[in-house]
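These figures come from a predicted structure and were not determined experimentally. Chain A is the first sequence line, chain B the second, and so forth, proteins listed ahead of strands; every chain is numbered from 1.
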Number of protein chains: 2
Amino acid sequence: MKIGELAKATQCQVETIRYYERKGLLPETNRTERNYRVYGPGDVDRLSFIRHCRRLDMTLGEISVLLQLKDASPEDCSSINNLVDDHIKHVAVRIQELKSLHKQLINLRNSCAGSGSVNECGVLSGLSRALVEESNRSILNDRLVQGTHQVSGRHKAA
Amino acid sequence: MKIGELAKATQCQVETIRYYERKGLLPETNRTERNYRVYGPGDVDRLSFIRHCRRLDMTLGEISVLLQLKDASPEDCSSINNLVDDHIKHVAVRIQELKSLHKQLINLRNSCAGSGSVNECGVLSGLSRALVEESNRSILNDRLVQGTHQVSGRHKAA
DNA sequence: CCTTGACACTGAAGCCGCTACAGGGTTTCT
DNA sequence: AGAAACCCTGTAGCGGCTTCAGTGTCAAGG
């Protein structure tokens, strides 16, 4: 099968496949006489695996490690489980951060009395002040949160 | 005051200040004879505002809009509130996505019986299959989640 | 047989919000 | 006077792609 067919089979964009190849997640394939990449069912499996991992928000680095463990088929699965456990922790931390953020934003929003002028509004002045509440200060503290906004490429395309 | 002092006053890195200037969030300042940027108290306010917004994970685009509204001081604050409301929605959506993700990961992790071989483990095979549960399928569906992993620059520095 | 359109290829640049570095000049302190 | 600490510009890097420019290939229809 050619790259376009693989793309359809895995719900993945053609460019993304080539990108994964460059990054070493997919092996370099055989080529046709005319230099087209040729894939087999094993490639569908491997790419599906990668995409599922990405959907679980693992980094390409983590996925790389998983693929190596998978390829090596070691005796026990503890290294895989450790990786997954770590990832679960990442996600849990992000959720806590975002919850704290959400709380702060709601507080901020509530500081607007109604439809008065900006000067009376409280939201802008709230933004001018440090508005970290006592609530979750220890978590959010001084760091930036990041990651609320989705990268939109896939959505536009799909 | 010079750029380093502004940086200290706002807990912001010097390079970030110059970056904001390039991006148009901070105006181009006066310069000394020797071409050093010179800032006043108004700049501290403006940069603090920007940093607080960033701490609330707004994009520079959103902050730009807020700054314009702030500068223009319109009659009512509804446009500001709308922006903040939208942002709150973004955050809420991200939290839901991450919760669903977390659930899926826990399920995946539980599919490992114990310390058997990888073949029996279930985690890898789970990753090979689509493992979106019925639970939150509508939300996560086919899209990538992203943003679990923090960009670490600031932490290293601080 | 020729054209049109869909597909394939490479390489480079763009997105976000910075960070970091190279390679200079200036100021401040000892 | 010399060293450390600051300032400047410009460029490249991070992740995970996307997009674009420019070219080549292939199957179907007129």
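Rounded to the nearest 0.5 Å, atoms CG (B:L47) and SG (B:C12) are 4.5 Å apart. We find the CG-NE2 distance between A:L105 and B:H87 to be 5.0 Å, quoted to the nearest 0.5 Å.
In terms of the side-chain hydrogen bond (donor to acceptor under 3.5 Å, both in side chains) criterion, residue partners of B:D85 (sequence neighbours excluded) are, by chain and number, A:R109. Legend: residues meeting side-chain contact (heavy atoms from CB on, under 4.5 Å) with B:K2, ordered by chain and number and at least two apart, are B:E5, B:Y36.
Atom CD of A:E62 is separated from atom P of D:dG15 by 12 Å (rounded to the nearest Å). Atom CD in A:Q13 sits about 5 Å away from atom P in D:dT18, given to the nearest Å. Between B:Y20 atom OH and C:dC16 atom C1' there is a gap of 12 Å when expressed in whole angstrom units. The separation between B:L47 atom CG and C:dC18 atom C1' is 14 Å, rounded to whole Å. Taking atom NZ of B:K2 as the reference point, atom C1' of C:dG25 lies 13 Å away to the nearest angstrom. For the pair A:K8 NZ and C:dA6 P, the interatomic distance rounds to 12 Å; values are reported in whole Å. Rounded to an integer number of Å, the gap from B:L6 CG to D:dC7 P is 10 Å. For A:I17 and C:dT10, the CD1 to C1' distance is 16 Å, given to the nearest whole Å.
Considering only side-chain atoms of A:R54, the nucleotide from D:dC17, D:dC7, C:dC18 that sits closest is D:dC17. Of the candidate nucleotides D:dT18, D:dG16, C:dC18, C:dC18 has the atom lying nearest to any side-chain atom of B:L60.
Checking the phosphate oxygens (OP1, OP2) of D:dG16, no side-chain nitrogen or oxygen of A:T16 falls inside 4.0 Å.
Remark: side-chain polar atoms of B:D43 are paired, donor with acceptor, to backbone N or O of B:G40 under 3.5 angstrom.
Looking at A:Y20 and A:R51, their side chains do bring a donor and an acceptor atom within 3.5 Å of each other.
Applying the side chain to side chain contact (heavy atoms under 4.5 Å, CB included) test between B:I3 and each of B:T29, B:V38, B:I17 identifies B:I17 as the sole match.
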- [ ] Scan nucleotides 8-13 of chain D nucleotide by nucleotide, 5' to 3', and note B when protein non-hydrogen atoms come under 4.0 Å of the base, S if they reach only the sugar-phosphate, - if neither.
- [x] SB----

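Between A:G4 and B:K23, it is A:G4 whose nearest contact on DNA chain C lies nearer the 5' terminus.
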